[in-house]
**Q** 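Take this structure first; my questions come after.
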Amino acid sequence: MKKFFSLYARFVYPAAILIISLMVYFPFYGSPQSVFWDENYHVPSAQKHIDGVMYMEAHPPLGKMLIALGEVVFGGNEKIDKHKLIETDYITETPPEMSFKGFRWPSVMMMAISAVFFFGIINCITQKSWLAASFTSLVIFDNALVVHARAAQLDGIQIFFLLGAIYYFVHSATQFLYHQKKIKLRQYAILGIIIGLATAVKVTALILLLLFVMLFGIDQWASIKKWDWKKLIKRLLLAAPLGAATVALIFLTVFYVHIGMGKKIIQNQVYKASPEYLNQVRMGDTWSLTTFSLGMRDNWKYMSEYADGVPRLDLCKPDENGSHAIGWPLSKNTISYRWAKDTVDGKSVVRHQNLIGNPIVWFSILGGIILSVCLIVGRFIYGFQIKDEKLFSWICAFTGVYLCYMIAIMQIERVMYLYHYFIPLLFGAINLPLIFNYIYRDEVLANNKHTIINAAFFALLVIAVFAFFSPLTYGIGLTEDEFELRNWFTFWKLKGI
């Protein structure tokens, strides 16, 4: 068995992680058989793609296009009358026999696969499969990620591209750092393609542009140390435009397809589109460059005006679902997505679905960020000696990106929600095994059995706490007392009935 794992570990670990991830994300994902939270928006938008209806929305269209593809391939709603979906931008009632499996399939599948990317990121940096496998539990067994990705939402789709981009960046960087394989210009282009796809789902993925900066720094570190400005500028003039151009090309291509597919206008739903653009649609000339330029301008204007019109956070509202970014690392102000009350054996049982993070996952990630900041301050302010320069650099990279996102998001005045923390949560999740590796560096390098057991116990603790909170994730019935057992902190603001 030991020989088998040593020979096939590179395949066994990813395969096992994918199977476990699918077992967590897929069961009963068609339930509830009704829309909730932003599915009210995204399901009608996806149906408009299927029926070729012109529409505009607050987010770029790639996520809705993939949701639509899932419905076409796996929906099974061919005999269902779905005309009401294209007559509105926000649906509250759907046909009772309608299945949502097709609409939800892309988010569920792509989020499940994302766990393999996460494993690959940690494995590339640490070169320890057991360490990467243990800490991949952070992604597979987080209640907030699971409940959100098991719906027709955009974040599970975006996370697939986001972790894919980070994996490609880390793989390219480690091939250079550990195997002296030169970073080529095409790698900037490929990274730009993946970042472009992530941005075409939600523009919050623009934080990934920092990966270009880090890749360039790794690529040209020898020139930076020598202050070889001519070589640096020459490489920068090639790499920067190439990376930016590929991001922009993918983003605009997605919008081109979106605009081209919108061949019909239903019930005068024009979304403040210009007369010129509407005239092109009514003429059926939606795939021309003229229509694209008009449609792109109007879509961008609509997205900007929509963002400006979103209300600000109002903590005085008793039903405010939004929260301030400063409280996100503690899972402050959870969201009750839906609930349904039943009577079982004479007792009232409520099936909740709440956006609440696994406290072991979220608190550990916050602890990892605090430790990393202390390490960085100790190195650059107090001159402490570093025992592993490369590992320290990776810690600086992911801690820095985490802090950059949080600082940037705090500048936004509109109301934001707990799931907007998913991106920095993933940066912090990548950082946590790195700081663990740094602290226990000698033991990790020696494959110390006690260290391996400790990492395994941490994963088991993550799984156990996930299971404890899973009724709030999968909509399993709870009595009032059982619900209160899971209401650990008042700042979570878990809402009963």
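Source: prediction; values computed, not measured.
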**Q** Just checking, any donor-acceptor pair under 3.5 angstrom between side chains of N448 and Y440?
**A** no
**Q** Given the side-chain rings of F363 and F489, with only the six-membered ring counted for Trp, is the space between their centroids under 6.0 Å?
**A** yes
**Q** Keeping the roles fixed (side chain from S21, backbone from A115), state whether a donor-acceptor pair exists under 3.5 Å.
**A** no
**Q** Are F292 and W287 an aromatic pair, judged by ring center distance below 6.0 Å?
**A** no
**Q** Within 45 degrees of the ring normal and closer than 6.0 Å to the centroid, is that where the cationic atom of K182 sits relative to F176?
**A** no
**Q** Are Y419 and W37 close enough that a side-chain donor and a side-chain acceptor fall under 3.5 Å?
**A** yes
**Q** Do the side chain of R414 and the main chain of P311 share a donor and acceptor less than 3.5 angstrom apart?
**A** no
**Q** If you measure only the distance, is there a donor-acceptor pair under 3.5 Å linking the side chains of Q187 and S172?
**A** yes
**Q** Does one side chain, of N123 or Y13, offer a donor that lies under 3.5 Å from an acceptor on the other?
**A** no
**Q** When rounded to the nearest 0.5 angstrom, what is the spacing between CG in N333 and CG in L418?
**A** 8.0 Å
**Q** Please name all residues satisfying salt bridge (Lys or Arg N to Asp or Glu O under 4.0 Å) with R486, sequence neighbours left out, ordered by chain then number.
**A** none
**Q** Would a line drawn from the ring center of F160 to the ring center of F117 be shorter than 6.0 Å?
**A** yes
**Q** May I ask you to check whether N431 and T399 show a side-chain donor-acceptor distance below 3.5 Å?
**A** yes
**Q** Just by distance, no angles: are the side chains of Q158 and T204 close enough, under 3.5 Å, to form a donor-acceptor pair?
**A** yes
**Q** Ring-plane angle category for F251 and W300, please: parallel below 30°, perpendicular beyond 60°, tilted otherwise.
**A** perpendicular
**Q** Report the residue from I190, I166, V247, L206 that forms a side chain to side chain contact (heavy atoms under 4.5 Å, CB included) with I195.
**A** V247
**Q** Specify whether Y402 and Y421 have parallel, tilted or perpendicular ring planes, treating 30° as the upper limit for parallel and 60° as the lower limit for perpendicular.
**A** perpendicular
**Q** Do Y55 and H258 have ring centres separated by under 6.0 Å?
**A** yes
**Q** Please list, chain by chain and in numerical order, all residues satisfying side chain to side chain donor-acceptor pair (under 3.5 Å) with R186, sequence neighbours excluded.
**A** none
**Q** Hey, what do you get for CG (N358) to CZ (F466), rounding to the nearest 0.5 Å?
**A** 8.0 Å
**Q** Any chance the rings of F212 and F169 have centres within less than 6.0 Å?
**A** no
**Q** Taking NZ, NE, NH1 and NH2 as the nitrogens, is one of them in D89 or K48 under 4.0 Å from a carboxylate oxygen of the other?
**A** yes
**Q** If you count every heavy atom of other residues, nucleotides or ligands that lies below 6.0 Å from M23 atom CE, does the total exceed 12?
**A** no
**Q** Does any donor atom in the side chain of W130 or N447 lie under 3.5 Å from an acceptor atom in the other side chain?
**A** yes
